[in-house]
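In what follows, a single structure is set out as structure tokens and then discussed.
These figures come from a predicted structure and were not determined experimentally.
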Amino acid sequence: VESYTRAGARNWQMLGLEFVDMGTFDPSTNGADLYTKNEHFTMDYSKPDGQQWTWKGWTVDRTTYANSDIRTKDDLGHLSSTMMRRINGNLYMYLNSMSGGGFSFFRYTGSNEIAIPCGELRGQSQWNDNNGNGQKDAGETSSNVLWQNDMFGNFVDNKGDIWYVFDDIRKHTLQSITNGVPIYNLTPTIITAPAPFNSLRRIQYDSDNDIMYLSGYTAAKPYTNDWKSCGLVMARYNNWSTGNRIASYTINLPTLAADGSNMVSLTVENDYIFVVGVQTRAKVWVYNSTTGALVGTMAPGANVGGVNKTGWCDLVNSIAAFKTSSGQYLVNVEEDGWGKILIYRWCPTGDCIETDMKVSLSSPETGQTYMNNTPLILKAEVLKDTSVVSKVEFLINDTIIGQSLSAPYQFAWNRPYPGEIRASAKVTSTKATIAYSPMTRFKITDGTPKVEFLLTKRVYSILDTVYLKATVSTS
């Protein structure tokens, strides 16, 4: 809801609550960009608690993708939990429901805030957007159901492969990226649940280090009629892809018999495992991911109203974590009582150095189009307090292309290539603290005209009168 003056200036703005919603970070921006199912927020941790977030954009196009964007529908278990992944440098959002049961996935392009639907693997709906137009066209969908709707545990690893668990483990392998779209093998690989499990509930696979984390029930810790729980036991398996099925350790997860609920969600990030329960009022148990030892717990503080202003977690994926370049962990927890997402900031070593630097790109500009026949000058502006700048590096599509060691911080990209480009800057201090700029998205063109026909329908009969309309651009 917004209020404006007669002249068109905005008086105030009121945003909706984040009710039954879970956000995760873009892996490439050091905790600066957080995405929920419909929104994009930017974060500035130098500001006071509660003022660190800024609403950046709405990611749903209800008109263009009305028939393919599952977020415009209300009949598929309340899609709520995001998993943001970078695959070949491009940003993708994987979205599942309150009770798991599959993924819908979306892609981001250029400076556009819209998440374009590009596929799904859920229940009786399987879709690969082979031509990349964001629409469910003939021949792109399948109803070959090889897994249950109630597979609560689901995960996307850093390679883009999709995993599910229930009585067994199922994996849909990412076959290729075609037209910007992740194309999956719709027939999963099926793997028997390893000992000690007789029923699985959650899965996390560290594809960078080939480590599998599973949780569920065993003969000694059987199912107890808590259908959404992540189970009573968690285990780690090293060298998973080579066939190892012997757990390096098992953890007996906390049980809360007094209120009838157990742990509902877990996440693994680097050196730690974070676990939260349904009715634990955002209390988080922290374990060492190498040894399985309990490190401690986190609980909401007075700055967010404490437990008296903290509700339940409803989602099977209601917790997420991200390790920043300073060594600090950002731990996101769903909170439904007052409709928000809590973010714990935790420094395990106690000496995480918070940067006092901010960096932004003044050139090129977001949304602009540049020719590729001349060098493109990238310019960065650095704001700091007492830090001494060691270097500023410039990144194109997440790859460092050059650096500047002194002000003015700039670099000439001598051979820009055509396409949609993401540019950013990374500043490093002499004490090794790091800050990243917001992403700048723009286009590079070689000047070749582009013609696009605009048709109101896709299928015409011999009785139709067809009018052709085209747009011409050099971008």
Side-chain angles (χ1 to χ4, degrees), residues 27 65 68-70 76-77 79 81-97 100-109 115-194 200-214 237 239-245 316-317:
Y65 306 111
S68 57
D69 193 335
I70 199 168
L76 286 162
L79 296 174
S81 301
T82 65
M83 293 185 188
M84 306 304 295
R85 298 291 184 265
R86 287 277 177 181
I87 304 174
N88 295 342
N90 296 312
L91 183 63
Y92 295 89
M93 177 175 72
Y94 291 80
L95 185 62
N96 67 1
S97 72
F103 282 107
S104 294
F105 29 102
F106 305 77
R107 61 189 179 92
Y108 291 83
T109 61
I116 302 172
C118 60
E120 57 190 36
L121 289 169
R122 56 172 57 256
Q124 298 187 12
S125 177
Q126 301 180 358
W127 169 44
N128 275 333
D129 184 25
N130 297 319
N131 59 15
N133 68 355
Q135 308 293 338
K136 289 185 178 180
D137 295 322
E140 292 184 339
T141 60
S142 169
S143 59
N144 183 22
V145 182
L146 295 176
W147 45 272
Q148 302 116 305
N149 242 338
D150 56 354
M151 282 185 157
F152 307 123
N154 37 55
F155 185 72
V156 183
D157 66 31
N158 287 340
K159 292 182 179 179
D161 293 338
I162 293 176
W163 301 79
Y164 300 91
V165 295
F166 195 69
D167 292 330
D168 51 31
I169 302 169
R170 304 196 179 196
K171 174 186 176 183
H172 290 275
T173 302
L174 177 63
Q175 294 181 313
S176 66
I177 301 290
T178 304
N179 298 318
V181 175
I183 304 299
Y184 285 92
N185 183 345
L186 297 183
T187 301
T189 300
I190 300 176
I191 305 168
T192 301
L200 295 168
R201 287 299 186 271
R202 302 290 186 270
I203 182 169
Q204 299 253 313
Y205 178 60
D206 178 356
S207 57
D208 297 328
N209 298 294
D210 194 22
I211 302 172
M212 178 65 78
Y213 299 87
L214 298 169
Y237 302 83
N239 305 313
W240 178 265
S241 68
T242 65
N244 175 51
R245 299 297 181 263
V316 294
N317 292 310

Criterion side chain to side chain donor-acceptor pair (under 3.5 Å) against Asn131, the qualifying member of Asn179, Thr178, Asp137: Asp137
Could you grab the distance from atom [atom1] of [X] to atom [atom2] of [Y], nearest 0.5 Å is fine?
X	Y	atom1	atom2	answer
Lys136	Ser68	NZ	OG	7.5 Å
Arg107	Ile177	CZ	CD1	10.0 Å
Leu95	Met84	CG	CE	10.0 Å
Lys171	Phe155	NZ	CZ	12.5 Å

Which atom of [X] lies closest to which atom of [Y], heavy atoms considered:
X	Y	result
Leu186	Pro188	O-CD, 3.5 Å
Ser104	Ile70	OG-CG2, 3.4 Å
Ile169	Ile203	CG2-CD1, 3.9 Å
Ile87	Lys159	CG2-O, 4.4 Å
Gly160	Leu174	O-CB, 3.9 Å

Taking side chain to side chain contact (heavy atoms under 4.5 Å, CB included) as the criterion, tell me which of Trp163, Tyr213, Tyr237 meets it with Tyr205.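 Considering Trp163, Tyr213, Tyr237, a side chain to side chain contact (heavy atoms under 4.5 Å, CB included) with Tyr205 is found only for Trp163.
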Which residue, Asn130, Asn128, Val181, forms the side chain to side chain contact (heavy atoms under 4.5 Å, CB included) with Cys118? Val181
Quick one: are [X] and [Y] in side-chain contact, heavy atoms under 4.5 Å?
X	Y	value
Asn158	Arg85	yes
Thr173	Asp161	yes
Arg245	Trp240	yes
Leu91	Arg86	yes

Do the ring planes of Tyr94 and Phe103 sit parallel (below 30°), tilted (30 to 60°) or perpendicular (above 60°)? perpendicular
For [Y], is there any backbone N or O sitting under 3.5 Å from a side-chain donor or acceptor partner on [X]?
X	Y	value
Asn88	Asn90	no
Ser81	Asn317	yes
Asn239	Thr242	no

What about Tyr184 and Phe105, are their ring centers closer than 6.0 Å?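 Yes, the ring centres sit under 6.0 Å apart.
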Checking side-chain polar atoms at under 3.5 Å, does Glu120 have a donor or acceptor matched by the opposite partner on Trp127? no
